[in-house]
Number of protein chains: 2
Amino acid sequence: MADNKKMVEAITSMEEDFAKWYTDVVKKAELVDYSGVRGCVIVRPYGCALWENIRDLLDARFKATGHENVMMPMFIPESLLQKEKDHVEGFAPEVAWVTHGGAEKLQERLCVRPTSETLFCDHYANIVHSYRDLPKLYNQWCSVVRWEKTTRPFLRTREFWWQEGHTIHETAQEALEETERMLNIYADFCEQELAIPVIRGRKTDKEKFAGAEATYTVEAMMHDGKALQSATSHYFGDGFARAFEIVFTGRDNKPQYPHQTSWGMSTRIIGAIIMCHGDNNGLVLPPAVAPVQVMIVPIAAHKGGVLEKAEALRTRLEKVCRVKMDASEQSPGWKFAEYEMKGVPLRLEIGPKDIEQNQCVLVRRDTREKTIVPLEALETEVPRLLTAVRDGLYEKALARRESMTYQASSMEELREIVSTKAGFVKAPWCGSRACEEKLKEDLGITSRCIPFDGGHQEHAGVCPVCGKETDTIVVWGTAY
Amino acid sequence: MADNKKMVEAITSMEEDFAKWYTDVVKKAELVDYSGVRGCVIVRPYGCALWENIRDLLDARFKATGHENVMMPMFIPESLLQKEKDHVEGFAPEVAWVTHGGAEKLQERLCVRPTSETLFCDHYANIVHSYRDLPKLYNQWCSVVRWEKTTRPFLRTREFWWQEGHTIHETAQEALEETERMLNIYADFCEQELAIPVIRGRKTDKEKFAGAEATYTVEAMMHDGKALQSATSHYFGDGFARAFEIVFTGRDNKPQYPHQTSWGMSTRIIGAIIMCHGDNNGLVLPPAVAPVQVMIVPIAAHKGGVLEKAEALRTRLEKVCRVKMDASEQSPGWKFAEYEMKGVPLRLEIGPKDIEQNQCVLVRRDTREKTIVPLEALETEVPRLLTAVRDGLYEKALARRESMTYQASSMEELREIVSTKAGFVKAPWCGSRACEEKLKEDLGITSRCIPFDGGHQEHAGVCPVCGKETDTIVVWGTAY
């Protein structure tokens with residue numbers, strides 16, 4: 001047990017220092033390592049397996065809704081980046097520039113893509129000529145680069161991995177529907193697979209994507225009450241099409257501009273998983289994306305028949321879940337702590353006494369609840385408990401969010417809440433950028449979104465800054 | 001039929017201009033599009049689906065042999081690239097350099113990875129301390145950049161996609177075994193899944209990877225008799241470990257250098273698929289990686305019940321293969337040509353007469369052979385025919401390679417063969433770099449490999465250049 005204790009003690013507790021707790025977890029659960037390139041991380045096998053599970057589940061949802069993957073170049077010529085005015089203003093200050101190929105100076109600088117709207121638009125201008133060519137529903141999985149000053153693993157790194165969907169449609173209506181469809185896919189994915197409750201809403205103009213007409217978002221609350229923007233979906237109208245001269249011949253035989261969207265979720269979501277579900281023993285992974293869903297720990301493994309029985313259970317469970325067995329010489333106590341740290345949703349313990357009674361012990365990572373399970377019931381009990389872990393995580397996160405969400409109807413209330421409590425505050429907002437900026441300046445809060453659910457109400461109240469009557473409610477908070 | 005004819009005529013024939021045939025196929029089968037970035041391509045949905053199938057099959061083989069995926073940064077600091085002498089000499093002349101982040105000039109230039117040995121070594125130096133930490137069997141899927149002067153889609157582009165395995169072992173023996181294991185996985189994958197026969201062998205010192213002690217290769221022959229290096233596997237000994245100061249405490253409690261390997265297959269392999277199996281009607285895809293394995297074309301689709309029946313067959317076939325139906329208003333003739341161009345292995349035709357007789361027609365892409373199949377036998381006949389397509393492609397490619405492989409025992413014979421015939425020539429070689437360079441200079445051929453099978457023979461003959469007796473046979477050819 002000495003090892004066990006040591007390992008648990010090695011993480012800073014959340015209550016003591018949340019930021020340090022986070023860093024400890026990502027390092028000790030072996031999700032990432034720091035690289036020799038400042039601001040860039042190495043995603044280690046456990047973190048990469050987690051991302052691959054996220055990718056596969058999301059990709060299946062994209063394909064089921066008719067999307068196709070492509071692979072675009074990682075470079076954008078400077079002149080191409082500059083074609084859409086708002087877009088270049090938003091991204092140019094933080095891109096990495098390639099100036100030389102081998103020993104030769106390039107005639108035109110290339111930036112490493114910070115996002116690929118410009119490349120997709122350039123391609124669409126080549127391949128979209130008629131309404132028959134529409135829609136194109138494309139997505140790509142890749143990494144992108146933004147030259148951030150301050151970085152933290154998963155939350156903000158100079159290079160990060162993501163998917164970026166880019167679609168182009170005949171009508172504004174279709175593009176708007178796509179923007180909503182993809183936001184709903186993200187929300188459903190977060191809630192069902194990651195057990196993270198999210199608020200769906202629309203960003204204010206100040207917070208929207210550079211070049212978008214509207215940005216939709218899913219916002220999650222972390223353990224410390226801060227918000228994490230978990231995915232976004234943008235409606236571009238025909239702004240990019242005009243800038244990139246994408247023109248198609250419509251059903252009326254006249255030239256028209258198409259309407260576009262883009263949407264993305266990144267490795268940031270791993271930060272959300274950590275900070276939404278983790279505890280002082282380490283990671284707690286939602287079963288749908290956990291690289292290992294059940295870890296088998298043989299007890300008194302030196303005794304005759306234990307390892308064989310454990311291996312037999314592993315073989316049986318392989319058919320219903322992602323299962324591993326740790327047959328190493330480490331003590332059971334060390335193994336318990338190790339796989340708690342790694343957030344494995346279920347631990348299966350089996351020793352000589354269990355074998356005698358034809359049973360095993362299943363321990364939930366989230367609640368540490370133990371269930372004694374007859375071996376013949378394993379194939380039904382394991383999936384049932386995995387579902388229970390998912391449900392438990394979701395309910396807990398939802399209850400926390402609800403208990404940490406406040407209402408304010410005046411500046412005094414807002415100030416009082418923000419200065420004494422962590423969490424979200426719902427408050428009326430007049431719609432002016434000046435009032436939004438004033439709240440950031442005075443209270444340090446930013447608008448997370450105008451929620452789809454309850455964001456527009458008759459007599460919502462008065463703006464706490466300017467006192468104007470409004471029907472709009474904004475969710476305010478501090479964000480990662 | 002007018003459309004059909006037009007589409008077929010739109011490809012240059014192989015015999016007329018093989019290079020142009022190739023470019024026509026990649027464009028018209030919609031595998032790639034050119035991008036606004038010189039030397040970089042866009043991999044379109046059909047090409048991307050092909051690559052994803054290749055990735056998934058290879059990845060499963062890697063995981064089954066204990067490998068784990070990671071994600072490394074795309075940048076390498078200049079000082080890190082320079083740590084291993086041979087390696088930097090091999091790659092520095094052709095890397096892209098990032099010199100600015102946003103408006104700021106970087107203190108140290110970063111290159112975009114041309115390959116990631118240096119990054120893996122830097123990471124291994126951090127995480128490998130004891131023999132208990134070994135082996136690490138890592139792989140990553142990513143794109144890399146080499147600033148090539150002349151580019152061609154898939155065969156040579158400035159950015160290309162690949163996987164790169166990087167492993168580190170306690171002993172030289174283990175690392176050598178890994179190098180061979182991975183080469184055999186590539187060879188087996190090429191032959192079984194891609195139906196491309198390959199020659200396994202070792203590269204001469206001149207042709208080996210920059211920094212490797214030994215490079216193993218699988219070499220395939222294209223339609224025009226040229227060679228395409230389809231994958232390589234490198235044994236590094238402890239050279240990189242010494243350069244990067246990777247040291248572990250051995251079982252004897254003493255500091256030791258570990259032994260390393262790396263191995264890779266890239267989107268080049270798509271070029272091999274095209275040029276090994278394609279014909280004058282377009283692509284011919286091996287069933288294991290074809291995005292669509294069976295395309296259903298309803299005949300006289302306007303007649304009652306045809307579309308419904310075709311859709312019912314599609315639903316049935318979904319359980320045994322990747323199937324699509326084209327219910328568009330294009331003529332059957334147009335569709336036949338279109339899916340031949342796209343290399344779909346099997347076409348299923350169903351019309352009113354077939355329905356009457358409770359049958360359908362299956363047409364093989366490779367031989368155009370038609371089989372009338374009773375509908376109740378569909379689930380067994382389709383997989384059988386897909387296997388037959390794979391076997392047919394393999395046999396045809398193997399027969400071609402054998403008929404285009406020659407033996408030479410003197411300079412006269414070599415010169416005669418090379419000047420009159422396309423293909424491979426097996427000839428004795430003394431082992432000297434000077435003789436190898438002379439053959440390149442005089443005859444324009446390069447050594448493809450010293451084949452594992454037959455590369456070493458008692459009394460192999462005399463080197464055609466210097467006349468020295470040798471026991472080594474080299475496969476010579478011209479290469480993509």
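In what follows, chains are A, B, ... by sequence order, proteins preceding strands, each numbered from 1.
Interface residue E104(A): only side-chain heavy atoms are found under 4.5 Å from chain B. Within the 4.5 angstrom heavy-atom criterion, only side-chain atoms of L110(A), from C-beta onward, approach chain B. Only the side chain of N126(A) has a heavy atom closer than 4.5 Å to any heavy atom of chain B. For W51(B), the part sitting under 4.5 Å from any heavy atom of chain A is the side chain, from C-beta outward, and nothing else. With a threshold of 4.5 angstrom between heavy atoms, E52(B) approaches chain A through side-chain atoms but not through N, CA, C or O. Residue contact with chain B, scored on non-hydrogen atoms closer than 4.5 Å, involves the side chain of K149(A) exclusively. Contacts of W97(A) with chain B are made by both backbone and side-chain atoms, with heavy-atom separations under 4.5 Å.
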Q: Could you give me the CA-CA distance, side-chain angles and deciding distance for E117(B) and H87(B), then say whether side-chain contact (heavy atoms from CB on, under 4.5 Å) is met?
A: CA-CA 9 Å; E117(B) 276 74 11; H87(B) 190 69; 3.7 Å; yes
Q) Do F244(A) and L80(A) pass the side-chain contact (heavy atoms from CB on, under 4.5 Å) test, and can you show the C-alpha distance, the side-chain angles, and the key distance before you say yes or no? A) CA-CA 9 Å; F244(A) 285 81; L80(A) 195 65; 3.7 Å; yes
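Heavy-atom contacts from other residues, nucleotides or ligands closer than 6.0 Å to CD of E318(A) number more than 12.
For residues 30-40 of chain B, the interface with chain A (any heavy-atom pair closer than 4.5 Å) comprises D33(B), Y34(B), S35(B), G36(B), V37(B), C40(B), sorted by residue number. Of all residues in residues 63-79 of chain B, those placing a non-hydrogen atom less than 4.5 angstrom from a non-hydrogen atom of chain A are K63(B), E68(B), N69(B), V70(B), M71(B), M72(B), P73(B), M74(B), F75(B), P77(B). Identified by a heavy-atom distance below 4.5 Å to chain A, the contributing residues of residues 152-165 of chain B are E159(B), W161(B), in residue-number order.
Separation of atoms CZ (F120(A)) and CD (Q140(A)) is listed at 4.5 Å; rounding is to 0.5 Å.
Of the possible donor and acceptor atoms, none in the side chain of D133(B) sits under 3.5 Å from a partner among the backbone N and O of V128(B). With hydrogens and angles ignored, the 3.5 Å screen pairs no side-chain donor or acceptor of H169(B) with any backbone N or O of Q260(B). Checking side-chain atoms of R146(B) against main-chain N and O of P114(B) turns up a donor-acceptor pair under 3.5 Å.
Of all the listed residues (T267(B), T99(B), I127(B), N139(B)), the one sharing the greatest number of non-hydrogen pairs under 4.5 Å with chain A is T99(B). Options C48(A), A96(A), P45(A), G47(A) differ in how many heavy-atom pairs under 4.5 Å they form with chain B, and the most are formed by P45(A).
Between F91(B) and A210(B), the closest heavy-atom pair is CE1-CB, 4.3 Å.
Side-chain contact check for Q330(B) and S328(B): no donor-acceptor pair (N or O, by modelled atom type) lies under 3.5 Å.
Y138(B) meets the ring pair (Phe, Tyr, Trp, His ring centres under 6.0 Å) test with Y124(B); sequence neighbours excluded.
Here E338(A) does not pair with K335(A) in a salt bridge; the nearest charged N to carboxylate O distance is not below 4.0 Å.
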